Amino acid sequence: MSKILIRGAKILGGEPQDVLIDGDTISEVGVGLSAEGAEIVEAEGKVLLPGLVDLHTHLREPGREDSETVLTGTRAAASGGYTAVFAMANTFPVADTAGVVEQVYRLGQEHGYCDVQPIGAVTVGLEGKKLAELGAMHESAAGVTVFSDDGKCVDDAVIMRRALEYVKAFGGVVAQHAQEPRLTEGAQMNEGVVSAELGLGGWPAVAEESIIARDVLLAEHVGSRVHICHLSTAGSVEIVRWAKSRGIDVTAEVTPHHLLLTDELVRSYNPVFKVNPPLRTERDVLALREALADGTIDIVATDHAPHPHEDKDCEWAAAAMGMVGLETALSVVQETMVDTGLLTWAGVAERMSAKPAEIGRAAGHGRPVSAGEPANLTLVDTEYRGSVDPAGFASRSRNTPYEGRELPGRVTHTWLRGKATLVDGKLT
């Protein structure tokens with residue numbers, strides 16, 4: 001059993017302490033610790049967090065290995081400080097059966113850079129017509145608890161109600177991609193001043209907000225859990241805040257890019273800024289930050305959406321929607337939430353580790369940095385500043401909106417159950 005002594009780290013941004021890892025567990029936390037034969041990691045000035053958990057990752061395997069694989073995606077996750085990711089169901093074939101989710105789960109186990117928890121589809125083939133094998137996926141070796149047709153909205157209210165009723169039996173959750181399809185036909189970007197000036201089809205905020213309003217009422221009626229994926233508008237924030245005030249069991253996520261970027265960037269016609277839901281206005285961005293700070297929005301999730309070069313290096317209308325995000329998420333959250341004073345590092349740990357692990361029932365993740373807990377940890381050099389260079393990404397894809405942009409913070413080490421997956425910024 002190997003021992004690792006992390007010396008002088010600021011746990012959750014607090015006073016410097018030492019952390020001793022013995023095997024797969026944190027054995028001791030204190031000042032002036034020593035351990036014979038232990039590997040020493042000097043962490044003075046750095047922040048130690050519980051390993052990050054992403055509730056919304058696209059790993060693309062099976063079917064689109066040209067974009068990403070479970071191996072490359074989990075290597076990207078480890079580079080970004082993640083020890084667990086939830087893999088979305090829009091693969092080929094769709095993860096709508098026990099067989100497919102077990103395949104993804106076992107690939108994650110084989111590669112070992114982080115834990116991979118598959119998300120099961122809500123409907124067969126993501127077609128929105130018939131419920132998928134929710135119970136069978138839950139009972140499978142993958143133990144699926146989160147279900148989503150992400151990329152497509154479960155727009156049929158009866159299907160959504162049935163899904164909420166079904167997952168309630170085993171404590172599962174339906175994660176909704178809130179997009180009323182009829183209101184977004186031909187949409188290319190946020191509907192507003194910029195879309196009007198550019199002559200691009202607009203995506204109105206109400207297309208998101210109307211689905212969220214319907215689904216929180218359905219969740220209240222059924223008494224089940226609903227999770228809102230990549231919430232992006234100020235109006236959506238108000239609906240979720242109202243629902244929580246009524247005691248409805250709703251949680252919500254925001255992506256790093258919706259905390260930082262606005263639809264003004266679309267003026268460049270660079271498809272790297274094309275994403276679903278679209279980049280919104282400055283007013284929306286500020287509302288999202290406030291909502292994440294006050295807990296209305298529960299978590300940050302990356303919506304890591306890798307695409308090959310040819311799917312982005314084309315005209316705007318033909319380009320795929322999505323951005324990679326695992327390797328830059330923590331830096332964006334530091335810039336938008338920590339450096340602005342809206343969140344402490346303890347708040348970041350809650351929203352990027354503890355709460356997503358709780359929502360997804362990820363056992364052993366999101367735990368406190370204390371003795372007896374699993375050694376799932378990430379060490380961050382918060383003083384670092386540097387320009388984003390996608391050439392150095394572990395992800396197979398390079399479609400980042402931050403290329404050349406200076407961002408703060410750098411993950412230097414990641415440990416999964418005491419095993420280093422990232423050391424001095426390099427994958428092991």
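The structure presented is a predicted model; accordingly, all values stated were derived computationally and were not measured.
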Atom [atom1] of [X] and atom [atom2] of [Y]: how far apart are they, to the nearest 0.5 Å?
X	Y	atom1	atom2	value
D303	D150	CG	CG	6.0 Å
L326	T74	CG	OG1	9.5 Å
I6	L379	CD1	CG	6.5 Å
N190	S232	CG	OG	7.5 Å
C153	I211	SG	CD1	4.0 Å
I239	I228	CD1	CD1	9.5 Å

* Apply the test side-chain contact (heavy atoms from CB on, under 4.5 Å) to residues E335 and V333: give CA-CA distance (whole Å), side-chain angles for both, the deciding distance (0.1 Å), then the verdict. => CA-CA 5 Å; E335 175 160 312; V333 170; over 6 Å; no

With sequence neighbours left out, the residues meeting side chain to side chain contact (heavy atoms under 4.5 Å, CB included) with A354 are E350

Taken in chain and number order and not counting sequence neighbours, the residues that satisfy side chain to side chain contact (heavy atoms under 4.5 Å, CB included) with T262 are E264, E282, V285

Whether the side chain of [X] engages the backbone of [Y] through a donor-acceptor N/O pair (distance < 3.5 Å, no angle test) should be reported.
X	Y	value
D66	H307	no
R289	D284	no
E61	V70	yes
R385	L407	no
T428	A420	yes
R280	P277	no
D54	T302	yes
S331	P408	yes
N376	T83	no
D298	A252	yes

Any Lys/Arg nitrogen of [X] or [Y] sitting under 4.0 Å from an Asp/Glu carboxylate oxygen of the other?
X	Y	answer
D311	R64	yes
R161	E165	yes
E220	R246	yes

Checklist entry - Where do E68 and R396 land on the salt bridge (Lys or Arg N to Asp or Glu O under 4.0 Å) test, with the steps shown first? => result CA-CA 5 Å; E68 196 77 283; R396 179 162 284 186; 5.7 Å; no

For this session: Take the angle between the ring planes of Y166 and F170 and call it parallel below 30°, perpendicular above 60°, tilted in between.
Result: perpendicular

Ignoring hydrogens and angles, state whether a donor on the side chain of R241 or T296 is under 3.5 Å from an acceptor on the partner side chain. yes

Give a yes-or-no answer on whether the side chains of E133 and T97 include a donor-acceptor pair shorter than 3.5 Å. no

Determine whether [X] and [Y] make a side-chain contact, defined as any pair of heavy atoms from C-beta on separated by less than 4.5 Å.
X	Y	answer
L279	M323	yes
M352	I299	no
V240	L231	yes
V226	V173	no
I21	T25	no
Q334	W345	yes
I159	T123	yes
S79	V411	no

Take atom [atom1] of [X] as the centre, draw a 6.0 Å sphere, and report whether it contains more than 12 heavy atoms from other residues, nucleotides or ligands.
X	atom1	result
R283	CZ	no
K244	NZ	yes
E15	CD	no

- Let me see the working for V174 and R225 under side-chain contact (heavy atoms from CB on, under 4.5 Å), right down to the final yes or no. CA-CA 7 Å; V174 178; R225 291 199 297 150; over 6 Å; no

> Should D115 and R417 be marked as a salt bridge (Lys or Arg N to Asp or Glu O under 4.0 Å) after you check the CA-CA gap, both sets of side-chain angles, and the distance that decides it?
Replying inline: CA-CA 10 Å; D115 286 345; R417 287 182 290 278; 2.7 Å; yes

Check your understanding: salt bridge (Lys or Arg N to Asp or Glu O under 4.0 Å) between K355 and E358: does it pass, once the steps are laid out?
Key -> CA-CA 5 Å; K355 192 64 177 182; E358 176 190 325; 3.2 Å; yes

Minimum heavy-atom distance [X]-[Y], with the two atoms named:
X	Y	result
P374	R367	CD-CG, 4.1 Å
D215	Q176	OD2-NE2, 2.9 Å
V85	A77	CG1-CB, 3.8 Å
P271	A319	CB-CB, 3.4 Å
A287	A234	CB-CB, 3.7 Å

ask   = Between E253 and H227, is a side chain to side chain donor-acceptor pair (under 3.5 Å) present by the stated rule, with each step listed?
value = CA-CA 8 Å; E253 71 190 32; H227 177 75; 2.8 Å; yes

- prompt: Do M88 and C229 pass the side-chain contact (heavy atoms from CB on, under 4.5 Å) test, and can you show the C-alpha distance, the side-chain angles, and the key distance before you say yes or no?
  reply: CA-CA 11 Å; M88 275 294 175; C229 295; 4.2 Å; yes

- Please walk me through it: do E110 and R106 pass salt bridge (Lys or Arg N to Asp or Glu O under 4.0 Å)? CA-CA 6 Å; E110 288 171 14; R106 291 193 170 112; over 6 Å; no

Margin query: Is there a side chain to side chain donor-acceptor pair (under 3.5 Å) between S236 and E208? Walk through the geometry before answering.
Written below: CA-CA 7 Å; S236 295; E208 175 176 301; 2.6 Å; yes

Check: Going through the checks in order, is the side-chain contact (heavy atoms from CB on, under 4.5 Å) test met by L261 and Y402?
Finding: CA-CA 10 Å; L261 309 177; Y402 310 115; 4.0 Å; yes

Before we go on, tell me: are the rings of H304 and H56 under 6.0 Å apart, centre to centre? no

